2 protein chains.
Amino acid sequence: MSQINTMEDFAKACGVSRPTVSKYFHDASSVRPKTRAKIEEALERYDYSPNIYAINQNRKLTKTIGIVVPHLADPFFAEMARVIEAKLLDAGMSPAMYSAYGDPRKEVEILDGLRAMKPAGVLMAPLGEISDRRALEKFAKAVPTIVFDSRIEGFGEAFIGSDNGSFISQTVDYLVRVAAPPLFFDMATPANPNAIARRDHYVRLMDKLGVEPQIFSVSGRGWKFEEVGFRGALDLLSQGVPDRPVLCSNDRLAMGFLAAAYEKGVRVGRLPTDDLQLASNDDHPLSRYTCPPLTTAAHDYDAVAGLSVRMLLERIEQGSPLRQYKATFFQPRLALRDSA
Amino acid sequence: MSQINTMEDFAKACGVSRPTVSKYFHDASSVRPKTRAKIEEALERYDYSPNIYAINQNRKLTKTIGIVVPHLADPFFAEMARVIEAKLLDAGMSPAMYSAYGDPRKEVEILDGLRAMKPAGVLMAPLGEISDRRALEKFAKAVPTIVFDSRIEGFGEAFIGSDNGSFISQTVDYLVRVAAPPLFFDMATPANPNAIARRDHYVRLMDKLGVEPQIFSVSGRGWKFEEVGFRGALDLLSQGVPDRPVLCSNDRLAMGFLAAAYEKGVRVGRLPTDDLQLASNDDHPLSRYTCPPLTTAAHDYDAVAGLSVRMLLERIEQGSPLRQYKATFFQPRLALRDSA
DNA sequence: CAAATTTATTTGCGCGCGTAAAAAATTGTT
DNA sequence: AACAATTTTTTACGCGCGCAAATAAATTTG
């Protein structure tokens, strides 16, 4: 045998029949140990690997799992995608990662491309308000889809995310204890449903406390949150230092805020000598290394990723859509650091 | 026609023959405008798309281009991958992104998987010293590979990156002008070839200046550079504030350093009232938002990504390996901010 | 050791499309 | 209108493997 190109060739080289080799590649433990040894021995010598295109053409169920996030250059989603990918690999699946990079048209293109790949399932965090809802729903009808982080009603067979209400109530409660009801700092027109929910919860919480909600909303679009936070904080601080703590909708805005405060000479921190207390949400991977380190409410990355993967795999194994839509919200954990 | 599943079905629905439809999908402009109109009209009504597995099985040359980076959760590589992906999409290719997440075994697995996909080519930033050199070289022999950012000798048909010497000489030169020859702060055993080159250049430069090189190397492995920088700086600063500026090998280490300085009450900045000047390299996406904003040498992200893509596409079109290995190094640009 | 059971082999069809060659139809040219 | 040049159709084979049914061999059981 000069050159091993097909499974036929390879089977001959092992002294085993082709269907048996096929079975082996589908599930190595499904053939007798002796046969398996023969195959794996030949595998060493010839480094043959089956043609994935021929395989996937004939299998109705691919081993591919799509991971779709709104923006991979956002460390939160990068970290999320990393954890999910690792868990999928552990389960023997082939993850394929895609990022819409903030563009809803790109999001649809990704789904189109994904559908052509006949994936076993998809784990997706949609862009949010700006997503093409109809396209997403149509996709989820054709491909088992579990949604994480950003919920869109009517899309996907299940949702796994974090409890925005709890984010806000934990951070607000802490700030109230150590200082006063905070000013809420966010983007005026956020695409992300979590951002919207957080603002709503803030208002509700202030109402409950009998305090007038005070919101500073920064205009701006896209995913340059640090820049938005920076501009907004510059604007806010030029009107004087707030007489109460500031709660940022998310850590990336808070980082921009910190940069602006630094530039303005406003000392952020929890000590009596500091000018302003600042808290935030998400526990962005870098929030421990800001100056000062951010007090923030932390996502349970691993729990969200873990349950998302488990639910998708169950759904796939089961072979039929989940009986009913189920939304799971994990509780954040307060990460007390020095900014508030 | 109840359901359009195959190209055969679709061709019938257009009133065109199957080979013509096939030709259309390969190159839409290769069929007569009238025929093209017929096909595109039917495309609207039936939203058929050819089976990618069947296509790729029969084509020797896939349109897939692999993008492989050492760690996607590092904003530098996330940004790099984003730009490269966009450029590939513009060129009509299908990018597939992979991250080794710092693990050399994973890097090899990615390449194995990639080879099975018969990609037209691959753009790769290898892990560096810890990479399985032999596996990489073997891969590059089978698949057109252009290497970017981290150079490994003997691997790939070309290299595009940034000029480490120029990084160091620009930052050092600036620090010498405004203060004094800097202390160099880096990781003791970096995997990345750029880190090694930067330290070498620093030593050479100090020699040229007739100054004793002073290096503070932090032990630590992996990709948690902020943490390493933080620990190292805590250690360094506990011995007293250096009497000269500090130059960090890269921005992520510098961010950790800044956090440590903040904790220690050491004021970093360029003003006379500050205690320490700190400069760095890379122009990490967040380095403008640190406190103080980092003075750093900036990669030309777009130039590196652009040339990498162009060279790979040329190589693919040409159909044969590049006549000779060519390494291109772009000049960094000094980003003067407030940390030094 | 024979029977029952598990596992492997043989055979052969089908997946959806690429592609080549020859024949037919369409278009452009004089 | 007649011819040449281009484009499309027809026909038919091949890609590498999944998968199913029948048969044969190996293993386990009594």
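Convention: sequence-line order gives letters A, B, ...; per-chain numbering from 1. Keep in mind that what you see is a predicted model, and the values were worked out from it rather than measured.
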### Task
Tell me whether the OP1 or OP2 atom of D:dG18 has a side-chain N or O from B:Tyr53 closer than 4.0 Å.
no
### Task
Quickly work out the B:Arg18 CZ to D:dT8 P distance and round it to whole Å.
16 Å
### Query
In whole angstroms, how far is the C1' atom of D:dC15 from the CG atom of A:Asp9?
13 Å
### Task
Please state how far atom CG in A:Asn56 lies from atom P in D:dG16, giving the value in whole angstrom units.
16 Å
### Query
Under a 4.5 Å cut-off applied to non-hydrogen side-chain atoms, are B:Arg151 and B:Phe329 in contact?
yes
## Note on the structure
Sorted by position of nearest nucleotide on DNA chain C, 5' first, the leading residue of A:Lys23 and A:Asn58 is A:Lys23
## Note on the structure
So CD of A:Gln57 and CD1 of B:Ile55: to nearest 0.5 Å the spacing works out to 10.5 Å
### Task
Specify whether B:Phe76 and B:His299 have parallel, tilted or perpendicular ring planes, treating 30° as the upper limit for parallel and 60° as the lower limit for perpendicular.
tilted
### Query
Please give, in whole Å, the distance from C:dG14 P to B:Asn5 CG?
17 Å
### Query
OP1 or OP2 of D:dT9 sitting under 4.0 Å from any side-chain N/O of B:Thr20?
yes
### Message
I want to check one thing: is the phosphate of C:dT9, taken as OP1 and OP2, less than 4.0 Å away from some side-chain N or O of A:Ser17?
### Response
yes
### Message
Could you tell me how far apart A:Arg32 (CZ) and D:dT28 (C1') are, to the nearest whole angstrom?
### Response
10 Å
### Query
What class does the angle between the rings of B:His71 and B:Tyr101 fall in, given that below 30° is parallel, 30 to 60° is tilted and above 60° is perpendicular?
perpendicular
### Message
Using a heavy-atom cut-off of 4.0 Å across all strands, would you classify A:Tyr24 as base, sugar-phosphate, or nothing?
### Response
nothing
### Query
Taking B:Ile146 as the fixed residue, which of B:Leu123, B:Ile65, B:Val122 is the one that meets the side chain to side chain contact (heavy atoms under 4.5 Å, CB included) rule?
B:Leu123
### Query
Which nucleotide in the list C:dC17, D:dT11, C:dA8 gets nearest to the side chain of B:Pro19?
D:dT11
### Query
Checking all strands, does A:Pro50 fall into the base, sugar-phosphate, or nothing category for heavy-atom contacts under 4.0 angstrom?
sugar-phosphate
### Task
Tell me whether the OP1 or OP2 atom of C:dG16 has a side-chain N or O from B:Tyr48 closer than 4.0 Å.
no
### Query
So what does A:Lys38 hit on the nucleic acid, given a heavy-atom distance under 4.0 Å: a base, only sugar-phosphate, or nothing?
nothing
### Message
Is B:Ser22 close enough to C:dG18 that one of its side-chain N or O atoms is under 4.0 Å from OP1 or OP2 there?
### Response
yes
### Query
Can you tell me if the side-chain N/O atoms of A:Lys34 get under 4.0 Å from OP1 or OP2 in D:dT27?
yes
### Query
Please give, in whole Å, the distance from D:dC17 P to A:Ile52 CD1?
11 Å
#### Entry: Atom-pair distance (CD1 on B:Ile55; C1' on C:dG16), nearest Å
9 Å
### Query
Taking CZ from B:Arg36 and P from C:dT26, how many angstroms apart are they, rounded to a whole number?
22 Å
